[in-house]
Amino acid sequence: FTSAFHHIEKLTDELEDINANLETRVQQQTQELRDANERLRGLSLQDPLTGLKNRRYVNEIVYNLSETFLKLKTNKEVKKRNLNLENMGIGICLVDIDHFKKINDTYGHEAGDIVLKKIAHIFKQIVRFDDIIVRWGGEEFLFILDRMDIQFLPEFLKKLNKVVSETPFRISPEKEIMVTISIGSVVFPFYDKEPNKITFEECISLSDLCLLYAKRTGRKRAVYAAPGLRSAEY
């Protein structure tokens with residue numbers, strides 16, 4: 001009887017070890033699956049050519065960011081704590097590569113891809129860590145400059161235009177070309193005293209109109225619009 005009892009006890013211990021190992025393996029595999037899903041989700045929000053965020057990222061992430069900022073900016077408790085957000089906003093810039101079709105037609109689509117990757121690299125070097133750059137479509141890019149002092153936006157636009165226009169783009173071992181950009185820009189909220197009057201999406205549309213004006217009036221320039229200011233060019 002004693003021998004049988006010890007045998008049963010040993011089997012019980014072995015079963016507990018097996019169950020513990022199985023539970024550990026299940027937890028590991030579950031975590032691996034979660035990590036894989038997170039990686040896949042990250043890839044679904046990224047442009048494969050440039051490594052920048054894609055338009056879907058704006059729909060899923062950026063609109064929530066803008067709403068959070070708006071709530072913070074209009075929060076009475078924040079104002080009581082003297083956290084000065086009055087001069088801060090979210091800079092919105094739509095950027096288009098000038099005459100990009102001509103680059104493709106003259107040097108081929110592979111050269112066009114080189115330009116897109118190179119310009120994405122330039123953009124990433126010029127923004128802050130928390131700023132967002134999105135490949136908006138084709139040769140168009142959207143900048144979301146989070147919580148910036150709006151007085152510095154014109155300087156940023158000048159710098160962005162200058163850096164791109166002064167950088168040679170090597171599209172083959174024998175060939176370098178120069179590239180310029182046009183920019184349309186506004187700040188969200190557009191009306192500081194009435195922050196809910198124009199939505200974040202409408203501000204993107206306004207920056208698109210500024211970009212169109214920049215392209216129609218000579219390109220290689222930035223057009224910035226604000227209340228009481230028809231437009232300013234940089």
Side-chain angles (χ1 to χ4, degrees), residues 39-62 90-146 148 152-186 204 207-224 231-234:
R39 286 194 295 271
L40 286 172
R41 182 174 180 275
L43 289 172
S44 73
L45 301 176
Q46 187 179 61
D47 173 57
L49 178 66
T50 63
L52 301 175
K53 302 302 183 184
N54 61 19
R55 201 160 184 155
R56 182 179 172 188
Y57 181 88
V58 176
N59 295 332
E60 291 198 14
I61 307 295
V62 175
I90 297 177
I92 301 173
C93 308
L94 267 174
V95 179
D96 185 81
I97 301 175
D98 294 332
H99 306 297
F100 186 73
K101 184 178 182 299
K102 185 177 180 181
I103 295 173
N104 279 333
D105 291 345
T106 305
Y107 305 107
H109 288 276
E110 185 177 345
D113 287 349
I114 291 171
V115 170
L116 288 170
K117 288 189 282 188
K118 172 73 172 179
I119 208 163
H121 176 74
I122 293 171
F123 290 163
K124 284 186 278 190
Q125 298 301 309
I126 206 171
V127 298
R128 301 165 303 174
F129 179 78
D130 291 331
D131 294 331
I132 298 165
I133 313 171
V134 178
R135 188 177 177 195
W136 196 237
E139 67 274 21
E140 202 165 84
F141 301 84
L142 174 68
F143 284 65
I144 309 295
L145 308 173
D146 189 24
M148 70 176 302
F152 293 118
L153 183 57
E155 289 303 315
F156 172 80
L157 298 176
K158 290 177 187 177
K159 182 179 179 181
L160 183 59
N161 229 329
K162 186 174 187 292
V163 170
V164 173
S165 65
E166 293 180 354
T167 300
F169 286 70
R170 183 168 293 280
I171 57 173
S172 74
E174 304 82 22
K175 184 66 178 177
E176 278 187 350
I177 62 172
M178 303 305 290
V179 173
T180 62
I181 56 174
S182 298
I183 309 168
S185 184
V186 301
I204 293 178
S207 66
D208 195 26
L209 290 174
C210 291
L211 172 61
L212 183 62
Y213 184 77
K215 290 162 70 174
R216 286 183 174 176
T217 54
R219 302 179 189 262
K220 194 185 174 183
R221 66 188 62 197
V223 172
Y224 168 60
S231 69
E233 297 181 23
Y234 304 98

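Residues take their numbers from the sequence shown, with the count starting at 1.
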If you look at every heavy atom in [X] and [Y], which pair is closest and at what distance?
X      : Y      : answer
Thr180 : Ser165 : CG2-CB, 4.2 Å
Cys93  : Ser185 : SG-OG, 3.4 Å
Trp136 : Ile204 : CZ2-CG2, 4.0 Å
Ile119 : Phe169 : N-CE2, 3.9 Å
Ser207 : Leu94  : OG-CD1, 3.6 Å
Gln46  : Asn54  : N-ND2, 3.3 Å

Would you check if the side chain of [X] reaches a backbone N or O of [Y] as a donor-acceptor pair within less than 3.5 Å?
X      : Y      : answer
Arg135 : Ala120 : no
Arg55  : Val58  : no
Asp131 : Asp146 : yes

May I ask you to test the [X]-[Y] pair for a side-chain heavy-atom distance under 4.5 Å?
X      : Y      : value
Lys124 : Leu52  : yes
Ile92  : Leu142 : yes
Ile144 : Lys53  : no
Ile97  : Phe141 : yes
Val164 : Val95  : no
Gln125 : Val163 : no
Val115 : Ile171 : yes

Working to the nearest 0.5 angstrom, can you tell me the gap between [X] [atom1] and [Y] [atom2]?
X      : Y      : atom1 : atom2 : answer
Ile103 : Thr106 : CD1   : OG1   : 8.5 Å
Asn161 : Lys159 : CG    : NZ    : 13.5 Å
Ile181 : Lys220 : CD1   : NZ    : 10.5 Å
Ile177 : Lys118 : CD1   : NZ    : 11.5 Å
Ile183 : Phe143 : CD1   : CZ    : 7.5 Å
Glu139 : Asn104 : CD    : CG    : 8.0 Å

Just checking, any donor-acceptor pair under 3.5 angstrom between side chains of Ser182 and Asp96? no
Enclosure of Arg216 CZ (heavy-atom neighbours >12, cutoff 6.0 Å): no
Is atom CD of Glu110 surrounded by more than 12 heavy atoms (other residues, nucleotides or ligands) closer than 6.0 Å? no
Going through the distances and angles, do Asp98 and Val179 end up as a side-chain contact (heavy atoms from CB on, under 4.5 Å)? CA-CA 7 Å; Asp98 294 332; Val179 173; over 6 Å; no
